[in-house]
J.: 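Before anything else, here's the structure in question.
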Amino acid sequence: MSRTVAEQLVETLAQAGVQRIYGLVGDSLNPVTDALHRSGKIEWIHVRHEETAAFAAGAEAQLTGKLAVCAGSCGPGNLHLINGLFDAHRSMAPVLAIASHIPTSEIGSGYFQETHPDQLFRECSHYCELVTNPSQMPHVLQSAMQHAVSKRGVSVIVLPGDVAAMRATADAPGRGIVTGVPLVRPTDADLARLADLLNRASKVTLFCGRGCAGAHDELLALADKLKAPIGYAFRGKEWVEFDNPYAVGMSGLLGWGAAYKAMHDCDALLLLGTDFPYKSFMPTTPKIAQVDFRGERLGRRSKLDLGLCGDVRETIKALLPLVEQKTNRKFLDAMLEQHAATQRKLRADVDAGRTHRPIHPGYVVAMLDELAGPEAIFTADTGMCCVWAARQLGTAKGRRLLGSFVHGSMANAMPQAIGAQAANPGRQVIALSGDGGFAMLMGDVLTLGQHDLPVKILLFNNHSLGMVQLEMEVAGMSPFGCNLKNPNFAALAQAAGLFGVRVEEPAQVRPALKQAMAYPGPALVDIVTDPNALAMPPRATIQQAAGFALAMTKLAFGGKSDDVLDTVAANWRELL
Ligand SMILES: Cc1ncc(C[n+]2csc(CCOP(=O)(O)OP(=O)(O)O)c2C)c(N)n1
């Protein structure tokens, strides 16, 4: 008996190695989920909000490097995918979204739930096609999968329910997907130019991003030859920071350490696989060279004296023999000393956190860092969680750290943890969630129980949209619309069938984390943290410090002098 288009879709995805699809059922998607159910070859991860499905698929794809799939029903169902798909696409995660659609005969009639997904998803995908005829399906599916994997990002198949239920008329290609990635390295002439630039400079700094994945040994060899400090962007942290005697921390709004100074005080700055977005943190005086395997990214964030298109690892391997060994460590040692001083300050903050009330979130993450295993996968919500993760979480080799680091969406951490755990059943998966972010997609805490996913959620319950509160304060505004009237999240978690514990005292932090980590199922630790634990960027400008002072003055004149005292007490260290 011939197959339906939906059966052909499921069979082809299974052949391509897809193990699960995250999604939520709905009329037009029914032929697909029914085919999935009958085939038994692909697991259906039933989420409560489609945005979670897209974030989860994005996380799976980022962790495995393989194609991950999500699905939503027509109109509002697949529309809910969109924010997570933007995140996956911008994170270069190979994700295929199946957006089911209204009946073909109704397209253009203003039908119930009608949208135009083929237009809606165009901006967040490399490939987005509507299937109106069964004979299209094999090549559209093949192209969609191949685009997602080869171009690294999202593909969308818009599949009307009636077409999904039709008989397949063309054979699936059956050749699977080609996952090989070419090695790209610059020309010999370009490499010689880069070597010349580096050899002429007496103080070189390397600044590294996500493109340095898998290039740890080569980076260290280059830093050793150049006696160069290594700074990194947040996306580079997990690949660069561990076991690295040249590491000087991060730059940018989350930054700490000596990276900013190292980038500004050098003669030559080499940007490696980074698309670090904040121009205001980039220096203008040193010579700047950049290596990126995506040529279109060269020079878009800073001045560019030399741009090379190539994979970071391959480029460094080819560059190393051309680079002269430097022996003068003065610049490197000065930067390392400054970095060590920042680390001492962070450690002192952690020590102070042992007794600080309300609980300092940085202290919580420092405890987490001590207790989590070497293979732990962390996900961090957009907001202040990123600050504490950047500063206090050690990304030892083997650990992974995901966030919405390019798209910057709230509510990413728990959904990403769902995908991380589903794809890595044996690994410790820990979500660092903001109270604002968590509440946004809170319904999917139920997915943890439904699918028996033993994710641990650390909820930073500061009763505030803290990051935005900080933004307002540094701009001299008094914080408006930032306060959150929260429930007892631990009690909520318990009601949802999770292990839930609430922590209000610093002495309870460690035992509660241990308890949650030892618990065999999903757990939530609701930690009431200091809403005033703000953090200034590594290079707070005079205006920012002045803005902060102005905001404090406004609060004081608004009769909130207690708040002012709390905030200043919590932050005086940052301002010094
Ligand atoms: C979907 C979305 N809405 C709004 C924002 C703007 N925004 C960025 S961080 C933030 C506050 C996050 O608050 P919370 O999750 O409580 O974390 P906190 O910063 O307090 O740790 C907001 C509103 C965003 N990035 N994404």
Side-chain angles (χ1 to χ4, degrees), residues 183-186 188 190-233 235-251 255-274 276 283 286-293 305-308 310-343 394-399:
L183 299 178
V184 181
R185 90 162 177 70
D188 290 341
D190 277 344
L191 287 166
R193 278 188 205 104
L194 178 57
D196 186 48
L197 186 149
L198 297 171
N199 290 338
R200 282 169 190 268
S202 57
K203 295 183 288 182
V204 179
T205 294
L206 310 180
F207 187 69
C208 302
R210 163 81 181 75
C212 294
H216 194 268
D217 291 350
E218 290 74 14
L219 267 179
L220 263 57
L222 183 62
D224 178 55
K225 267 196 142 174
L226 294 167
K227 299 292 175 269
I230 302 181
Y232 33 93
R235 293 187 84 209
K237 178 179 160 85
E238 63 172 338
W239 305 110
V240 174
E241 186 178 82
F242 65 91
D243 303 335
N244 186 340
Y246 303 92
V248 291
M250 285 173 44
S251 183
W256 60 283
Y260 181 92
K261 192 167 172 51
M263 290 166 77
H264 284 73
D265 288 3
C266 61
D267 313 319
L269 174 64
L270 178 55
L271 304 174
L272 293 165
T274 176
F276 175 75
K287 294 257 182 236
I288 301 184
Q290 184 180 1
V291 176
D292 202 301
F293 87 109
D305 295 291
L306 182 63
L308 275 72
D311 169 81
V312 171
R313 185 163 179 261
E314 291 308 307
T315 303
I316 299 181
K317 271 167 55 177
L319 178 71
L320 274 169
L322 311 177
V323 173
E324 290 161 10
Q325 177 76 52
K326 294 192 195 296
T327 50
N328 186 342
R329 290 182 57 100
K330 217 171 139 209
F331 176 61
L332 171 62
D333 287 337
M335 294 305 111
L336 289 174
E337 176 41 39
Q338 176 164 340
H339 177 60
T342 324
Q343 280 180 308
T395 48
K397 188 177 183 184
R399 283 183 174 181

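This one's a predicted model, so the numbers in the text were calculated from it and none came from an experiment.
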J.: Are the aromatic rings of Phe207 and Tyr232 close, with centres under 6.0 Å apart?
T.: no
J.: What's the verdict on side chain to side chain contact (heavy atoms under 4.5 Å, CB included) for Cys208 and Ile230, showing C-alpha distance, side-chain angles and the deciding distance?
T.: CA-CA 7 Å; Cys208 302; Ile230 302 181; 3.7 Å; yes
J.: Does Val248 reach the side chain of Thr205, with side-chain heavy atoms less than 4.5 Å apart?
T.: no
J.: So how far is it from Glu337 CD to Leu332 CG, rounded to the nearest 0.5 Å?
T.: 12.0 Å
J.: Please find the pair of heavy atoms, one from Ala259 and one from Ser251, that lie closest to each other, and give the distance.
T.: CB-N, 3.8 Å
J.: Report yes if the side chains of Leu198 and Leu319 come closer than 4.5 Å at any heavy-atom pair, otherwise no.
T.: yes
J.: So does Ile288 get a backbone contact from the side chain of Asp305, meaning a donor-acceptor N/O pair under 3.5 Å?
T.: yes
J.: Side chain to side chain contact (heavy atoms under 4.5 Å, CB included) between Leu306 and Leu308: does it pass, once the steps are laid out?
T.: CA-CA 7 Å; Leu306 182 63; Leu308 275 72; 3.5 Å; yes
J.: Indicate the atoms forming the closest heavy-atom contact of Pro245 with Leu336, along with that distance.
T.: O-CD2, 3.4 Å
J.: Could you measure the distance from the CG atom of Leu206 to the CG atom of Leu269? Nearest 0.5 Å is fine.
T.: 8.5 Å
J.: How about Leu191 and Arg185: do any of their side-chain heavy atoms sit closer than 4.5 Å?
T.: yes
J.: Contact between Leu222 and Leu320 at the side-chain level, heavy atoms closer than 4.5 Å - yes or no?
T.: yes
J.: Compare all side-chain heavy atoms of Glu324 with those of Leu226 and state whether any distance is below 4.5 angstrom.
T.: no
J.: Is Val291 close to Leu271 at the side-chain level, that is, under 4.5 Å between some pair of heavy atoms?
T.: no
J.: Under the side chain to side chain contact (heavy atoms under 4.5 Å, CB included) rule, what do Gln343 and Trp256 come out as? Steps first, then yes or no, please.
T.: CA-CA 9 Å; Gln343 280 180 308; Trp256 60 283; 3.7 Å; yes
J.: In plain terms, say whether Glu218 and Arg313 are close enough for a salt bridge, that is, a side-chain N and a carboxylate O under 4.0 Å apart.
T.: yes
J.: Would you say Lys225 has more than 12 foreign heavy atoms packed within less than 6.0 Å of its NZ?
T.: yes
J.: May I ask you to decide if Met335's main-chain N or O and His339's side chain share a donor-acceptor pair within less than 3.5 Å?
T.: no
J.: Would you say Asp267's side chain and Ser202's backbone share a donor-acceptor pair under 3.5 angstrom?
T.: yes
J.: Compare every heavy atom of Gly273 with every heavy atom of Val312, then report the nearest pair and how far apart it is.
T.: CG2-N, 3.6 Å
J.: Looking only at non-hydrogen atoms, find the nearest pair between Tyr246 and Ala223 and report the distance.
T.: CG-CB, 3.7 Å
J.: Can a donor-acceptor pair be found, under 3.5 Å and without considering hydrogens, that links the side chain of Thr395 to the backbone of Lys237?
T.: yes
J.: Any donor and acceptor pair, going by atom type alone, linking the side chain of Asn244 with main-chain N or O of His216 inside 3.5 Å?
T.: no
J.: Set out, in order, the CA-CA distance, both residues' side-chain angles and the distance that settles side chain to side chain contact (heavy atoms under 4.5 Å, CB included) for Val184 and Thr315, then state yes or no.
T.: CA-CA 8 Å; Val184 181; Thr315 303; over 6 Å; no
J.: Taking Lys326 for its side chain and Ala201 for its backbone only, find out whether a donor-acceptor pair lies under 3.5 Å.
T.: yes
J.: Would you call Arg193 and Asp196 a salt bridge, using N to O less than 4.0 angstrom?
T.: no
J.: If you look at every heavy atom in Val204 and Pro229, which pair is closest and at what distance?
T.: O-CD, 3.2 Å
J.: Flag the pair Asp224 and Lys227 as a salt bridge only when some basic side-chain nitrogen lies within less than 4.0 angstrom of an acidic carboxylate oxygen.
T.: yes
J.: Can you name the closest pair of heavy atoms from Met263 and Pro283 and give their distance?
T.: O-CG, 3.2 Å
J.: Which distance, rounded to the nearest 0.5 Å, do you find between the CZ of Arg210 and the CG of Leu272?
T.: 14.5 Å
J.: Please confirm whether Lys203 makes a cation-pi placement over Phe331, using NZ or CZ under 6.0 Å from the six-membered ring centre and within 45° of the ring normal.
T.: yes
